[in-house]
Novice: 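I'd like to ask you about the structure that follows.
Keep in mind that the numbers below use all heavy atoms, side chains included, and drop hydrogens, waters and symmetry copies.
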Amino acid sequence: MTDEQKNEVYNDIYELLSIYDEFSPVQQNGTVMQEAIKPGIIEMINYLIKDASESAALMDFLDESDFWTAPASTKFHGNFKGGLALHTLSVIHQCLIFAKPLLENFYNSPEGKKYEVTAKDIFIAALCHDFCKTNFYGTEYRNTKDINGNWIKQPFYKVKGDNRNLGHGNESVLIMLAIFPQMIHNRMVIEAVSRHMGFSDLSESESFNYSLFLQNPLVVLLQLADQTAAQWYGM
């Protein structure tokens, strides 16, 4: 990439970070304002995705699925209403924070001429990485006692029994391609979303030559962002 191209990417990253800071749901005391998540993500979409059909298809999916209200898991990070949207925004944020130092390091490496990453690539990969979790969880109830010893019905999340899933990352790729058909030509983003779980979501055949995927800086960036959002910040 030329210095001019790099600067364009970094300027976009700076603008997206400014949007995050403006709408950040995480307060100084660590509490989360759920109502700030959706406006922040939408503002990023409006800034970065200029194609009207792409933007409309994306917003249709976000609003017609349970993306804004779904949990991110049943018992780990984001196991609450709106947890998926919060986790997604957290991963976007971590990607933006790590992007410049990681890419600068990558472009100085022997592999540095193989990939040209845009801010849109980073954003779409981070936004779509867990789309497989939309319409994935249902709410059930168990009998439990409250603090007074009275039996009550306590809600909990459970994976729906009728789900048909082609694998965590690959299912997200399918949804992403339905929204952004032209992404079929962007193997860099497809690889990042498909392989964002590392070895934990791969069959034996998919693990073959796995190290080659790590030559793609977006794979490494998204894995790093996903892990740090969940493990460092619990989001």
Side-chain angles (χ1 to χ4, degrees), residues 1 9-10 12-13 16-17 20 26 41 44 48 67 70-79 83-112 114-134 136 165-177 180 183 186-235:
M1 289 183 70
V9 175
Y10 300 148
D12 282 338
I13 288 171
L16 291 171
L17 283 170
Y20 178 86
V26 183
I41 291 178
M44 290 181 178
L48 207 52
F67 175 81
S73 69
T74 58
K75 58 182 179 180
F76 300 111
H77 66 88
N79 59 333
L84 177 58
L86 175 61
H87 171 68
T88 300
L89 182 56
S90 298
V91 171
I92 293 170
H93 185 219
Q94 291 298 97
C95 274
L96 297 174
I97 289 174
F98 288 126
K100 184 174 181 178
L102 187 147
L103 290 176
E104 283 296 301
N105 196 326
F106 171 74
Y107 290 134
N108 286 327
S109 76
E111 303 294 328
K114 291 184 177 180
Y115 296 90
E116 295 184 0
V117 183
T118 69
K120 184 178 178 181
D121 293 332
I122 295 170
F123 177 74
I124 289 180
L127 178 65
C128 297
H129 83 283
D130 268 353
F131 274 3
C132 61
K133 294 181 177 180
T134 56
F136 189 68
N165 194 292
L166 295 177
H168 188 88
N170 290 334
E171 193 72 21
S172 291
V173 168
L174 288 178
I175 298 171
M176 178 182 72
L177 292 178
F180 302 105
M183 277 288 167
N186 193 328
R187 188 178 178 92
M188 179 176 59
V189 173
I190 291 174
E191 287 180 354
V193 176
S194 175
R195 297 297 186 256
H196 80 268
M197 292 287 287
F199 281 104
S200 65
D201 189 46
L202 301 181
S203 66
E204 183 177 352
S205 61
E206 288 176 316
S207 299
F208 181 71
N209 280 346
Y210 175 77
S211 61
L212 294 179
F213 290 106
L214 299 178
Q215 294 176 0
N216 178 347
L218 196 52
V219 171
V220 177
L221 177 61
L222 187 54
Q223 287 184 7
L224 178 63
D226 192 30
Q227 292 297 325
T228 52
Q231 303 304 325
W232 292 0
Y233 296 96
M235 298 180 187

Novice: Is the ring pair Trp232/Phe98 parallel, tilted or perpendicular, if the boundaries are 30 and 60 degrees?
Specialist: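 Ring orientation, 0 to 90° scale: perpendicular.
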
Novice: Looking only at heavy atoms, which two atoms of Ile41 and Ala85 are closest? And how far apart?
Specialist: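 Looking at all heavy atoms of both residues, the closest pair is CD1-O, 4.0 Å.
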
Novice: Hey, could you give me the OG1/CD distance between Thr134 and Glu171, rounded to the nearest 0.5 Å?
Specialist: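 That separation rounds to 8.5 Å.
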
Novice: For the SG atom of Cys132 and the CD1 atom of Ile175, what is their distance to the nearest 0.5 Å?
Specialist: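 The CD1 atom of Ile175 is 6.5 Å from SG of Cys132, to the nearest 0.5 Å.
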
Novice: Taking all atoms of both residues into account, what is the closest heavy-atom pair of Asp226 and His129, and its distance?
Specialist: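 Closest heavy-atom pair between Asp226 and His129: OD1-NE2, 3.5 Å.
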
Novice: To the nearest 0.5 Å, what is the distance between CD (Gln94) and CD (Gln227)?
Specialist: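 Taking CD in Gln94 and CD in Gln227, the distance rounds to 11.5 Å.
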
Novice: Show every side chain to side chain donor-acceptor pair (under 3.5 Å) that has at least one partner inside residues 117-127, sequence neighbours left out.
Specialist: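 Every side chain to side chain donor-acceptor pair (under 3.5 Å) pair that includes a residue of residues 117-127, provided the two are not neighbours, is Glu54-Lys120, Thr118-Asp121, Asp121-Asn186.
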
Novice: Look up atom SG in Cys128 and atom NE2 in His196, then write down how far apart they are to the nearest 0.5 Å.
Specialist: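 NE2 of His196 is found 11.0 Å from SG of Cys128.
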
Novice: Less than 4.5 Å apart, side chain to side chain, heavy atoms only: is that true for Met1 and Val9?
Specialist: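 Side chain of Met1 against side chain of Val9, heavy atoms only: contact under 4.5 Å found.
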
Novice: Given Leu89 and Met235, is the side chain to side chain contact (heavy atoms under 4.5 Å, CB included) satisfied, shown in steps?
Specialist: CA-CA 9 Å; Leu89 182 56; Met235 298 180 187; over 6 Å; no

Novice: Are Asn216 and Arg187 close enough that some pair of their side-chain heavy atoms sits under 4.5 Å apart?
Specialist: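 With C-beta onward as the side chain, the pair stays apart.
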
Novice: Shortest non-hydrogen contact from Ile92 to Phe123?
Specialist: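 In this case the closest contact between Ile92 and Phe123 is CD1-CE1, 3.8 Å.
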
Novice: Considering non-hydrogen atoms only, spot the tightest contact between Tyr20 and Met44 and give its length.
Specialist: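 Scanning both residues, the minimum pair turns out to be CB-CE, 3.7 Å.
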
Novice: Phe106 versus Val220: any side-chain heavy-atom pair under 4.5 Å?
Specialist: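 They are not in side-chain contact.
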
Novice: If you look at every heavy atom in Leu222 and Cys95, which pair is closest and at what distance?
Specialist: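 Smallest interatomic distance, heavy atoms only, reads CD1-SG, 4.0 Å.
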
Novice: My understanding is that only residues two or more places apart in sequence, or in another chain, count here; which of them pass side-chain hydrogen bond (donor to acceptor under 3.5 Å, both in side chains) with Gln231?
Specialist: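 In terms of side-chain hydrogen bond (donor to acceptor under 3.5 Å, both in side chains), with neighbours along the sequence ignored, Gln231 is linked to no residue.
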
Novice: Nearest 0.5 Å, what's the CD1-CG distance between Ile97 and Leu16?
Specialist: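 Ile97 atom CD1 to Leu16 atom CG measures 12.5 Å (nearest 0.5 Å).
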
Novice: Would you find more than 12 non-hydrogen atoms of other residues, nucleotides or ligands less than 6.0 Å from Tyr10 atom OH?
Specialist: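 Yes, OH of Tyr10 has more than 12 neighbouring heavy atoms, counting only those of other groups under 6.0 Å.
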
Novice: Are any of the side-chain heavy atoms of Tyr115 and Leu218 separated by less than 4.5 Å?
Specialist: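 No; the side chains remain at least 4.5 Å from each other.
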
Novice: Rounded to the nearest 0.5 Å, what separation is found between the CG atom of Leu102 and the CD1 atom of Ile122?
Specialist: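 One finds 9.0 Å between CG of Leu102 and CD1 of Ile122.
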
Novice: How about Phe213 and Ser194: do any of their side-chain heavy atoms sit closer than 4.5 Å?
Specialist: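 Phe213 does not reach Ser194 side chain to side chain.
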
Novice: What is the minimum heavy-atom distance between Met183 and Ile190, and which atoms define it?
Specialist: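 Taking every non-hydrogen atom into account, O-CD1, 3.3 Å.
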
Novice: Just do the side chain to side chain contact (heavy atoms under 4.5 Å, CB included) check on Leu214 and Gln223 with the steps written out, would you?
Specialist: CA-CA 10 Å; Leu214 299 178; Gln223 287 184 7; 4.2 Å; yes

Novice: Taking 4.0 angstrom as the limit, do Arg195 and Glu191 come out as a salt bridge?
Specialist: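 Not counted as a salt bridge, because no side-chain N and carboxylate O are separated by less than 4.0 Å.
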
